[in-house]
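The structure under discussion appears below in the form of structure tokens.
Note that the structure is a prediction, hence the values are computed from the model and not measured. For the numbers below, each heavy atom of this structure counts, side chains included, while hydrogens, waters and symmetry mates do not. Chain identifiers are assigned alphabetically (A, B, ...) following the order of the sequence lines, protein sequences preceding nucleic acid strands; residue numbering begins at 1 within each chain.
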Protein chains: 2
Amino acid sequence: MSDLLERLRERGWRMTAQRRVVAQVLDGDHVHLTADEVHALAAERLPEISRATVYNTLGELVSLGEVLEVSTEGRAKRYDPNAHRPHQHLVCSDCGTIRDVHPTGNPLADLPAEERFGFTVSEVEVTYRGLCPSCG
Amino acid sequence: MSDLLERLRERGWRMTAQRRVVAQVLDGDHVHLTADEVHALAAERLPEISRATVYNTLGELVSLGEVLEVSTEGRAKRYDPNAHRPHQHLVCSDCGTIRDVHPTGNPLADLPAEERFGFTVSEVEVTYRGLCPSCG
DNA sequence: TCTTGACTTGGACTCCGTCCATCGTAGGAT
DNA sequence: ATCCTACGATGGACGGAGTCCAAGTCAAGA
């Protein structure tokens, strides 16, 4: 976790109280929070932090590759601090809960050349949907 | 296309001018339109159609399984009339273009039971990302 | 300590979508 | 053919998520 702060400092981040708090909130739990949840948790430690700052900081963390953005069907985006181990997501269609999963197989291999239409395909994203134990 | 209207009638749809127009707009092109685009095209034929009606109708078509909803990273949802042949999407990371693709394999089988966390998994969505020929 | 440009603030704004009270009408009943 | 009524349409208000901006603040290098 101070790992994260360390890496950020090395990349020339100006270290402010706000950024520190946002990074710590994300680094704490391995849950996928929405921007507003991050804001609420950050505000517990730093009451005057603004929503705009949380959005800015999350955006920066995403473009630095420290955090993944997971957008779920029409709901608010969630931020996934587990950016280093590759994984896919299992989403509850009812309450929106997300779990990380590690499927076997390689979906990239399942897309034949003639189905690529000249695209340079670099990434595959697999989302499993269903009902979680509480909603099922 | 009158196929579609036929099927809808059979399912007890009350056939109104608005619904007919929305169904025809979707059925015409095989492009993935946003709700507002559908509204604009529908309004060419039926100037007074309201946004709410377009949203309602699209929602009904989706829950009847006649149309698929494709939500793209933070932007407006798009509606995919090609609901009968199952397919996945190939998205250009740069310009947002979407192509339908038909990968081989069955990703559902790639998620072992111990990675399901008690969820009832019913659906898998695979999105391939990369650069299209014009952006590559 | 001073300076400065990067960062933060918060409120207005936009975009996408939903809600709701009211009005209109498709289509079965007569 | 006409009437009835429940289903559908309307449009304006509303709500959530996210962005923008002008003004104020402050981290950190000189």
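Residues A:Thr34 and A:Asn56 each lie close to DNA chain D; by heavy-atom proximity, the contact nearer the 5' end of the strand is made by A:Thr34. Between B:Ala35 and A:Val54, the residue anchored closer to the 5' end of DNA chain C is A:Val54, taking for each the nucleotide with the nearest heavy atom. Mapped onto DNA chain C by nearest heavy atom, B:Ala52 and B:Met15 fall at different nucleotides, with B:Ala52 at the one closer to the 5' end.
Rounding to the nearest 0.5 Å gives a distance of 4.0 Å between CD of B:Glu69 and NZ of B:Lys77.
Protein atom CZ of B:Arg51 is 15 Å distant from nucleotide atom C1' of C:dC20, rounded to whole Å. Rounded to a whole Å, the CZ atom of A:Arg9 is 11 Å from the C1' atom of D:dA28. In this structure, CG of A:Leu58 is placed 10 Å from P of D:dT19, rounded to the nearest angstrom. Across the protein-nucleic acid pair, B:Lys77 atom NZ and D:dG16 atom C1' stand 13 Å apart, rounded to whole Å. Distance, B:Tyr79 OH to C:dC16 C1': 10 Å, rounded to whole Å. At whole-Å resolution of the value, CG in B:Leu46 and C1' in D:dG11 are 15 Å apart. What separates CG of B:Leu33 from P of C:dG17 is a distance of 13 Å, to the nearest Å. The separation between B:Arg20 atom CZ and C:dG27 atom C1' is 13 Å, rounded to whole Å.
Closest approach to the A:Gln18 side chain among C:dT9, D:dT10, D:dG18 is made by C:dT9 (side chain taken as heavy atoms from C-beta onward). Proximity note for B:Tyr55 (side chain, C-beta onward) versus C:dG17, D:dT10, C:dT9: the nearest is C:dG17.
Under the 4.0 Å criterion applied to side-chain N and carboxylate O atoms, B:Glu66 and B:Arg11 are assigned as salt-bridge partners. Of the charged side-chain nitrogens involved, at least one lies within less than 4.0 Å of a carboxylate oxygen, so that B:Glu37 and B:Arg78 count as a salt-bridged pair.
For B:Thr16 and D:dA9, the shortest distance from a side-chain N or O to OP1 or OP2 is below 4.0 Å. Close to C:dT8, at under 4.0 Å from its OP1 or OP2, lies a side-chain N or O of A:Arg19.
The residue from B:Leu108, B:Leu111, B:Asp110, B:Val124 that alone fulfils the side-chain contact (heavy atoms from CB on, under 4.5 Å) condition with A:Val126 is B:Val124.
Contact annotation for B:Thr53: base contact, defined as any heavy-atom pair under 4.0 Å involving a base atom.
At a cut-off of 3.5 angstrom, counting only N and O atoms as typed in the model, there is no donor on one side facing an acceptor on the other between the side-chain of A:Arg14 and the base of C:dC7.
By the 4.5 Å heavy-atom criterion applied to side chains, B:Trp13 and B:Arg19 are counted as neighbours.
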